[in-house]
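Input: a single structure, listed below in structure tokens.
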Amino acid sequence: MDLNNIVEIVKTDGSMDKVSVITYLLSDDGARQYIVYTKVEDFNVDEDKVIYISKISNNNNVLTISEISDDIEWNEVQKLLRRIANAK
């Protein structure tokens, strides 16, 4: 695990999760940003990792993440991920 990619997420209840950022996605028009990550405590070389994808918003200079609930946005995220997968 690359320790340079570890960030802390403060949850709404005040507790914190350490996560490892896998990649960052930017929509083609630059209007939407997404983070792809896994939780550090879930990281085990011998097991599959759960991958999370959240939308990033800037609220008064505080970055927040939220669920992607819109099918159009999910399609956009899938397209962006396919582009990364096909580039390698």
Side-chain angles (χ1 to χ4, degrees):
M1 176 184 326
D2 185 355
L3 295 178
N4 293 323
N5 293 329
I6 303 296
V7 297
E8 292 182 335
I9 296 175
V10 180
K11 300 188 315 188
T12 54
D13 66 2
S15 63
M16 298 179 81
D17 275 342
K18 283 189 179 184
V19 302
S20 176
V21 177
I22 296 168
T23 192
Y24 169 85
L25 305 170
L26 182 63
S27 64
D28 289 337
D29 63 5
R32 289 164 305 286
Q33 303 165 6
Y34 305 96
I35 184 171
V36 181
Y37 62 96
T38 188
K39 292 184 180 179
V40 171
E41 62 267 13
D42 292 345
F43 189 83
N44 185 329
V45 176
D46 297 333
E47 296 179 15
D48 292 335
K49 290 184 264 183
V50 176
I51 303 297
Y52 301 89
I53 304 173
S54 297
K55 183 176 183 176
I56 301 172
S57 301
N58 187 339
N59 299 320
N60 299 321
N61 292 324
V62 175
L63 296 179
T64 60
I65 60 173
S66 59
E67 268 186 56
I68 303 167
S69 58
D70 181 86
D71 287 341
I72 293 170
E73 272 193 295
W74 270 119
N75 289 334
E76 177 178 51
V77 168
Q78 289 173 353
K79 181 181 86 172
L80 294 168
L81 289 171
R82 273 194 297 277
R83 192 177 297 155
I84 291 170
N86 291 333
K88 294 183 178 184

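Along the sequence shown, residues are numbered consecutively beginning with 1.
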Exercise for the section: Take Val21 and Val36, measure what side chain to side chain contact (heavy atoms under 4.5 Å, CB included) needs, and give me the verdict at the end. Expected result: CA-CA 6 Å; Val21 177; Val36 181; over 6 Å; no
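- Asp17 is listed as a side-chain neighbour of Lys11, based on a closest heavy-atom distance under 4.5 Å.
- The same ILVMFWY cluster, assembled from side-chain heavy atoms under 4.5 Å apart, contains both Val50 and Ile9.
- Leu81 places none of its side-chain heavy atoms less than 4.5 Å from the side chain of Gln78.
- What you find for Ile65 and Ser54 is that their closest heavy atoms are CB-CB, 3.8 Å.
- Partners of Lys18 by side-chain hydrogen bond (donor to acceptor under 3.5 Å, both in side chains), not counting sequence neighbours: none found.
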Handout entry: Worked verdict on Asn59 versus Thr64 for side-chain hydrogen bond (donor to acceptor under 3.5 Å, both in side chains)
Key = CA-CA 7 Å; Asn59 299 320; Thr64 60; 2.9 Å; yes
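- At least one side-chain heavy atom of Trp74 sits under 4.5 Å from a side-chain heavy atom of Ile53.
- Heavy atoms from other residues, nucleotides or ligands lying under 6.0 Å from CG of Asn60 number 12 at most.
- Considering only heavy atoms from C-beta on, Ile56 stays 4.5 Å or farther from Tyr34 through its side chain.
- Residue pairs meeting the salt bridge (charged side-chain N to carboxylate O under 4.0 Å, His left out) criterion with at least one member in residues 53-74, sequence neighbours excluded, are Lys55-Glu73.
- The closest side-chain heavy-atom distance from Ile6 to Val19 is not below 4.5 Å.
- Looking at Arg83 and Asp28, their side chains come closer than 4.5 Å, going by heavy atoms from C-beta outward.
- Between Ile22 and Ile51, some side-chain heavy-atom pair lies under the 4.5 Å cut-off.
- With hydrophobic clusters built from ILVMFWY side chains whose heavy atoms lie under 4.5 angstrom apart, Val62 does not share a cluster with Val7.
- Residue Ile84 comes nearest to Leu25 through the heavy atom pair CD1-CD2, 3.4 Å, listed as atom of the first residue, atom of the second, then distance.
- For the pair Ile72/Glu76, no side-chain contact is recorded, criterion being any heavy-atom separation below 4.5 Å from C-beta on.
- For Thr23, there are no side-chain hydrogen bond (donor to acceptor under 3.5 Å, both in side chains) partners, not counting sequence neighbours.
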